[in-house]
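For reference, the structure discussed in these notes is given below.
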2 protein chains.
Amino acid sequence: MKEVLPQLNSTFSIDCVLFGFDEGELKVLLIERNEEPFKDWWALPGYLVNENESLDQSAARILHELTGIENVYMEQFYTFGDVGRHPQGRIISVAYYAMLRLGGDKALKPISNYAKQAHWINVQELPPLAFDHQKIFDQGLEKIKRRIKHQPIAFELLPEKFTLTQLQNVYEVILGKKLDKRNFRKKMLSFNVLKDLNEKQKGVSFRAATLYRFDKRKYGKLFGKEISF
Amino acid sequence: MKEVLPQLNSTFSIDCVLFGFDEGELKVLLIERNEEPFKDWWALPGYLVNENESLDQSAARILHELTGIENVYMEQFYTFGDVGRHPQGRIISVAYYAMLRLGGDKALKPISNYAKQAHWINVQELPPLAFDHQKIFDQGLEKIKRRIKHQPIAFELLPEKFTLTQLQNVYEVILGKKLDKRNFRKKMLSFNVLKDLNEKQKGVSFRAATLYRFDKRKYGKLFGKEISF
DNA sequence: ATATACCGTGTAGATATTACACTAAGTAAT
DNA sequence: ATTACTTAGTGTAATATCTACACGGTATAT
């Protein structure tokens, strides 16, 4: 017999699509739900918005409560409001995305027990997702594909010091296609936003590559690169 | 003495930013409010979302009720949710935009008496707007500026048959800068989305220009024009 | 006939994009 | 020390795109 769930009276929520890059793979942050509906399903971190907080504040709070992650700049990308998207009533959800530096240090520890656990999952191997979260994820992925072509957000996924090959890998994984090494380097360096650290990669069993850092002072030069009239 | 307004319990709304082009000017559709708060102020057409309609449906309904306009394809562009944005409580607003062909035929006739009247106003001469509508408008304008560079939406503002000079005017007004005539034509024609109608403009007191029509079949070629890696 | 106002066109130089392959340098194994 | 292995790092030529720039053509109005 089907349990009857109560109607919810807060009518909007936030869902977060967080991307990370690790071991050459693009990952997304998912939680395992601990409550009905969709108990034990995987879902994007998301919850109801409080009355007294802005959407941006709410997104930060919800992410923190469900995953333990703090201090991430997320940006809104779409609002989902189909009538049947939530079984407990009309819930409109504002979706946020961000790209994150995955360090081994940051453990994922949900604070609220609304989430059993949080994990970074390879976007190629997503489990079935709760609600319309597959759709939200798909649109989030499209969003970063478009953005990565216009602004240098790929850096946000890498450690502070990175090699050009690692950077190229990020582009290849997100765009889903191989790029030419020489052309990629030529173009990337021409933007003048990378600082050569005169330092080599460590701990690799082959010729070590030069490390670069993203140079914030020069960032401005890249804004506004679009097709022009 | 300040009148006390009731709290509203529906917690989200839609606001529409509709752009039109007429007599060489970019215009936006505003209504004059007939209810508190902001009675007698100008505002973007917007109202509360019903329980049983999707956001897209709601946007279409609200636009129709407040302005009489129907059958416009609007697209969501941002959701505004600051705590203090509405004096009667926490109201989150999903903003939509569209670009419209202004024909002399379509009269603006509000159905709901929530709007006294609706008018196309030159974006250079906006009156003070209710709520945070100036902010919503500004972001809508930014949105079409970005989009016009990537996709041929400028056609949507012109009559079915138009001249290249008219088309160039639309770009110039939206982008806020002069463009080179020869380069503009070369580029626009290279996209292969314009059909030469072998027909001339009528009723002008100078050499008549060739009329073109936007060719939907070829539209696909323009999608995906972005900076490339 | 003449003045007026907009239409419609080409080119050269600069810049950006694409396609393409080999040597150099470090590590690991023997 | 030699060798095998793996990734780093580099240049050029052909093509396409972008930019800047000026004048004769044609319809209308007087």
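Chain A is the first sequence line, chain B the second, and so forth, proteins listed ahead of strands; every chain is numbered from 1.
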Sequence neighbours excluded and cut-off under 3.5 Å, please list the side-chain donor-acceptor pairs for residues 22-32 of chain A, or say none.
from   : atom 1 : to      : atom 2 : distance (Å)
E25(A) : OE1    : N122(A) : ND2    : 3.2
E25(A) : OE2    : N122(A) : ND2    : 3.3
E32(A) : OE1    : Q117(A) : NE2    : 2.6

Within this structure, what is the CD-to-P distance between Q166(B) and dC6(C), rounded to whole angstrom?
13 Å
Which residues pass the salt bridge (charged side-chain N to carboxylate O under 4.0 Å, His left out) test with R85(B), not counting sequence neighbours?
D15(B), D132(B)
Protein within reach of the bases, or only the backbone? For nucleotides 2-15 of chain D, mark each nucleotide 5' to 3' as B, S or -, using heavy atoms under 4.0 Å.
----BBBBBBB---
Could you state the NZ-P distance from K178(A) to dC20(C), rounded to the nearest angstrom?
17 Å
Can you list everything that forms a salt bridge (charged side-chain N to carboxylate O under 4.0 Å, His left out) with D56(B)? Sequence neighbours excluded, please.
none
What is the distance, rounded to the nearest whole Å, between atom CZ of F191(A) and atom P of dA16(C)?
10 Å
Partners of Q76(A) by side chain to side chain donor-acceptor pair (under 3.5 Å), sequence neighbours excluded?
none
Donor-acceptor pair, distance only, cut-off 3.5 Å: does the side chain of S58(B) make one with the backbone of L55(B)?
no
Specify the separation, in whole Å, of atom NZ of K202(B) and atom P of dA27(D).
13 Å
What integer distance in Å separates L211(B):CG from dC7(C):C1'?
13 Å
Can you measure Q168(B) atom CD to dC7(C) atom C1' for me and round it to whole angstrom units?
12 Å
OP1 or OP2 of dA16(C) under 4.0 Å from side-chain N/O of K187(A):
no
Partners of Y78(B) by ring-ring contact (aromatic ring centres under 6.0 Å, His included), sequence neighbours excluded?
F80(B)
